[in-house]
There are 2 protein chains.
Amino acid sequence: MRRIPEATIRRLTHYLRCIEFIKETGATILQSRELAAFCSISDSLVRRDLSYFGEFGTKGVGYSIDELEKHIKKILGIDRIKKVGLAGVGNIGSALLKFPLRRNGFHIVAAFDIKEELVGREINGIPIYHEKDIPRIFKEKGLEIGIIAVPQNVAGDVAEKMIEGGAKGILSFALLQCPLSRKIPVRYIEIAAELEILSYEIEKED
Amino acid sequence: MRRIPEATIRRLTHYLRCIEFIKETGATILQSRELAAFCSISDSLVRRDLSYFGEFGTKGVGYSIDELEKHIKKILGIDRIKKVGLAGVGNIGSALLKFPLRRNGFHIVAAFDIKEELVGREINGIPIYHEKDIPRIFKEKGLEIGIIAVPQNVAGDVAEKMIEGGAKGILSFALLQCPLSRKIPVRYIEIAAELEILSYEIEKED
DNA sequence: TCCTGTGAACAACTTCACAGCG
DNA sequence: CGCTGTGAAGTTGTTCACAGGA
């Protein structure tokens, strides 16, 4: 199979959001043109994106919404729940603990912080452990994904502990400055960067 | 001037992060190769990115770190503080109110919520108003950017109120389903989508 | 000499346009 | 006929390779 553009994968997540929305209207068939309109892109791009993974549609008709949803979830690997561990129960961290990520197939099973007064407590039913126990708890509970919401200066250490515990991927709110000992996929959420890009778009004269 | 790739703008924000970091080491000159290594990209891409905006470097030497920082901030429009209004003082919203965005040139001046018990209070020195007052406060205080951290079903209404108040750009944590009355730049932070992309990267056999 | 800035080559991604199937 | 799936064309973004200035 050809290499898949990252942009295609990102759009797949948009398609999923649209499908969830459209499903509520009771529709069962969806055409590339309609899905494209929802996402403000061209219909041929929708077809191209889906065609990377097989032939899901029916010529002359469109795509079965249920089938399409199942296929996209399979492609994204969210056809089964993934267990997540979150480090850093500060502002962002505790907000995420209350966030309904489970709806999207991600289950935050354990949280970690360095503050003794937090260790042993629970937020939203999620137990908080000490950060030094990250490797052990990741292994014991079979956590696959780590979310990093700690200050930047310790983010690298936390990432290493997650990797030591067998994490397969990391989503980080802090820049990981040092190269990681073992290569696993890392994605960033950079609020400041998004605001800066927005600022550029505002200022540039079109 | 040629059209600038969005990827270039995103990298500009990375360059800024690197510069902030490198400045602390006391260096005053930076070469494209070094900056590229920090960002794990090619040196020619760094030079290409910068060349879109003029000739900042000195041949045979490199770039003055201070000059480069100033130029990039100018390009991104963050050479002056931008005032921000934030709607939705829930989990994510109140975390953002405590986040030091000011360091990056963004000043959250007002927050908004629909809950009467929050209205009139302050978080981190930022006053909370009722969401119905978004247009008035945006105008009165000259807010340029709106951050949306409200539930998805009211996100569209909130966006419209911000636009009515003269907002020039929006950063949203919720999908804005309806088309906006006036076209302004909108960027999204989609935590679920990032996790889904991460999931894909984990599952795919390389 | 060394590193920047940039045409030209190359690679990646998107759109076009239509064959082909239901 | 209508809509998908896909070669081919077109467009956009990145790398190469080197001219040219400090």
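These numbers come from the heavy atoms of this one structure, side chains and all, not from hydrogens, waters or symmetry mates. Each chain gets a letter, A, B and so on, in the order its sequence line appears, and its residues count up from 1.
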Please determine, for the side chain of [X], which listed nucleotide ([options]) has the closest atom?
X     : options                : answer
A/K59 : C/dG5, D/dT6, D/dG2    : D/dG2
A/R33 : D/dC3, D/dA22, C/dG7   : D/dC3
B/L45 : D/dT15, C/dT4, D/dC3   : D/dT15
A/S44 : D/dT4, C/dC16, D/dT14  : C/dC16
B/T8  : C/dC18, D/dT14, D/dC18 : D/dT14

* Asked: Taking for each residue the nucleotide of DNA chain C with the nearest heavy atom, is it A/V61 or A/E6 whose nucleotide lies nearer the 5' end?
  -> A/E6
Whole Å only: how far is the [atom1] atom of [X] from the [atom2] atom of [N]?
X     : N      : atom1 : atom2 : result
B/I41 : D/dT15 : CD1   : P     : 8 Å
B/R10 : D/dT14 : CZ    : P     : 13 Å
B/Y52 : C/dG5  : OH    : C1'   : 12 Å
A/E67 : D/dT4  : CD    : P     : 15 Å
B/L50 : C/dG5  : CG    : P     : 7 Å
B/I4  : D/dG13 : CD1   : P     : 10 Å
B/R47 : C/dG7  : CZ    : P     : 14 Å
A/D49 : D/dT6  : CG    : C1'   : 14 Å

* Do B/D49 and B/Y15 have side-chain atoms, one donor and one acceptor, less than 3.5 Å apart? -> yes
* **Residues A/T13 and B/E190: side-chain donor-acceptor under 3.5 angstrom** => no
* **Heavy-atom side-chain contact between B/F21 and A/L175 under 4.5 Å** => no
Within the pair [X] and [N], is there a side-chain N or O less than 4.0 Å away from OP1 or OP2?
X     : N      : result
A/T58 : C/dG22 : no
B/S42 : D/dT15 : yes
A/S32 : D/dC3  : no
B/R11 : D/dG13 : no

* Structure fact -> So CD1 of B/I197 and CD1 of A/I9: to nearest 0.5 Å the spacing works out to 8.0 Å
* **Interatomic distance, B/L96 atom CG to B/I189 atom CD1 [nearest 0.5 angstrom]** => 7.5 Å
* Could you tell me whether the side chain of B/R3 has a donor or acceptor atom within less than 3.5 Å of a complementary atom in the base of D/dG13? => no
* Can you find a donor-acceptor pair, distance only, under 3.5 Å between B/R48 side chain and C/dT6 base? -> no
